[in-house]
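Since the model is a prediction, treat every value here as computed from it, not as a measurement. To find a chain, count down the sequence lines: A is the first, B the second, and so on, and within it residues start at 1. Excluded from the calculations below are hydrogen atoms, water molecules and symmetry mates; all remaining heavy atoms, backbone and side chain alike, are included.
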Protein chains: 2
Amino acid sequence: MNNESRKNLGVILKQQRLRMPLTLRELTNLSTVSSSHLGRIERGERFPSASILRKIAKPLGFEEGELFTLAGYLSAQPPGMAESSPVYSSRQLEPYVARVLAEEPVEVQRAVLGLLSILKSIAGNIAKGKSQ
Amino acid sequence: MNNESRKNLGVILKQQRLRMPLTLRELTNLSTVSSSHLGRIERGERFPSASILRKIAKPLGFEEGELFTLAGYLSAQPPGMAESSPVYSSRQLEPYVARVLAEEPVEVQRAVLGLLSILKSIAGNIAKGKSQ
DNA sequence: AGTATAATTTGCCATTTGGCAAATGTCAAG
DNA sequence: CTTGACATTTGCCAAATGGCAAATTATACT
């Protein structure tokens, strides 16, 4: 991350903070990011990590993705069509399965994948005679 | 970033890499991220920064934003126009989950639902103190 | 002016990231 | 079993992040 882009982002963040308007300390309270760090970010001495960006996005009135793009973490987003269907591969997910899973919280959806991979690995071991 | 979510992301990344399939070194060539680092990320010893995530997203077949969401850097993405897809009911099926499951034969997809309902019933009993 | 009070900056340091090179693990061919 | 060609993991270290506390600067009020 070069020095110029640090400064650029810093300037943007500072302008936005002043527009609210907020002091560094107030922004600290809203974001749980230390004011010393915020100050350094604003004058380009530090570059905010993703988690810091996430914490300050809303208090400054940014969309998360917007800030990530400004920081160069995300490539410029084609607005609107954000998540254009990511080709559901060659095979198909059965609509019924999709519908039922969609009712579950995302953690559960992911946990299901975990289960599946565990089962596959066990099955693989059995097949190789290694037993469990 | 707690230890569990590190591991979770690692497992997801590894699964996806093997699905391509790619070796760590090959992924290194596609992403310019050292294989030692990639390895540590996969087994949860390191947590990838935003710039690393960005570098590995496409080679692994992820949308950038998708990976950022999985890593917890971005909150779950507003469905945008994907809402027009009637299949995914009120809640959303996470694209990554959909894609992985879509790779499985339909029987497996359905079996996953079976597993899920069994686990839910067990969990319910535990909650009610009936023990397992 | 002088002084209290709030805001910002600086010094310092623990922690984390990520790369390089060496060590270790894996596996097929001889 | 041994060798060679891979892949993965480990040891080590430089660079960066981010927090706390102290120092400095700005602002307001007598």
Side-chain angles (χ1 to χ4, degrees), chain A residues 1-57 59-60 64 67-68 70-73 117 121 124-125 127-130, chain B residues 1-57 59-60 67-68 70-74:
Chain A
M1 203 56 62
N2 85 47
N3 252 356
E4 268 322 294
S5 39
R6 286 186 180 206
K7 260 211 193 151
N8 288 340
L9 180 64
V11 170
I12 291 176
L13 292 178
K14 179 159 192 177
Q15 284 177 355
Q16 192 67 14
R17 173 171 68 84
L18 296 179
R19 187 164 333 184
M20 300 305 286
L22 291 172
T23 69
L24 287 177
R25 281 210 140 77
E26 286 167 331
L27 183 51
T28 291
N29 293 334
L30 295 173
S31 63
T32 70
V33 176
S34 75
S35 53
S36 62
H37 193 47
L38 290 172
R40 286 196 252 239
I41 289 171
E42 284 188 354
R43 76 193 96 98
E45 293 171 29
R46 290 282 194 285
F47 197 79
S49 73
S51 34
I52 297 288
L53 275 187
R54 194 182 186 205
K55 286 181 184 168
I56 63 179
L60 289 180
E64 285 179 8
L67 250 195
F68 276 69
L70 285 174
Y73 283 149
S117 81
S121 119
N125 288 343
K128 276 187 255 170
K130 284 186 184 174
Chain B
M1 202 57 62
N2 83 48
N3 251 357
E4 266 324 294
S5 38
R6 288 186 180 207
K7 262 216 194 147
N8 287 339
L9 180 63
V11 169
I12 289 176
L13 291 178
K14 179 159 191 179
Q15 286 177 356
Q16 193 65 15
R17 173 172 66 82
L18 295 180
R19 195 172 343 256
M20 302 305 286
L22 291 171
T23 69
L24 288 176
R25 282 207 138 79
E26 286 166 333
L27 184 51
T28 291
N29 293 334
L30 294 173
S31 63
T32 70
V33 176
S34 74
S35 51
S36 62
H37 193 47
L38 289 172
R40 286 196 249 240
I41 289 171
E42 285 189 354
R43 74 193 99 98
E45 294 171 30
R46 290 282 195 284
F47 198 79
S49 72
S51 33
I52 297 288
L53 274 187
R54 193 181 186 207
K55 286 181 185 167
I56 64 179
L60 288 180
L67 247 196
F68 277 67
L70 285 175
Y73 283 150
L74 228 46

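A 4.5 Å side-chain heavy-atom check between A:Leu24 and A:Glu42 finds at least one atom pair inside the cut-off. Within the 4.5 Å cutoff, the side chain of A:Leu67 has heavy atoms near those of the A:Leu13 side chain. Considering only heavy atoms from C-beta on, B:Leu60 comes within 4.5 Å of B:Arg17 through its side chain.
Residue B:Thr23 is classed as a sugar-phosphate contact, given heavy-atom separations below 4.0 Å to backbone atoms only. Residue contacts for B:Glu42: at a heavy-atom cut-off of 4.0 Å it reaches no nucleic acid atom on any strand shown. Among the heavy atoms of the strands lying under 4.0 Å from A:Ser36 is at least one base atom, whether or not backbone atoms are also near.
For DNA chain C, the span of nucleotides reached by chain B at under 4.0 Å from its heavy atoms goes, 5' to 3', from C:dT17 to C:dA21.
Computed from coordinates, the B:Leu27 CG to D:dT9 P distance equals 13 Å when rounded to whole Å. Regarding A:Arg40, its CZ atom lies at a distance of 15 Å from the P atom of D:dT24, rounded to whole Å. The distance from atom CZ of A:Arg25 to atom P of D:dG19 is 13 Å, rounded to the nearest whole Å. Rounded to whole Å, atom C1' of D:dT17 lies 13 Å from atom CG of A:Leu38. For the pair A:Ile56 CD1 and D:dG18 C1', the computed distance is 13 Å after rounding to whole Å. Taking atom CD on B:Glu45 and atom C1' on D:dT9, their separation rounds to 8 Å, with Å as the unit. Taking atom CZ on B:Phe47 and atom P on D:dT17, their separation rounds to 17 Å, with Å as the unit.
Annotation: the span from B:Ser35 atom OG to B:Ile41 atom CD1 amounts to 11.0 Å, rounded to 0.5 Å.
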Residue pair B:Val33, B:Leu27: steps toward the side-chain contact (heavy atoms from CB on, under 4.5 Å) verdict: CA-CA 8 Å; B:Val33 176; B:Leu27 184 51; over 6 Å; no
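Between B:Phe68 and A:Tyr73, the ring-plane angle classifies as tilted under the 30° and 60° cut-offs.
Of the two residues near DNA chain D, A:Ile41 and B:Leu18, the one whose nearest nucleotide lies more 5' is B:Leu18.
Of all non-hydrogen atoms in A:Leu53 and A:Pro48, the two that sit nearest each other are CD2-CG, 3.8 Å.
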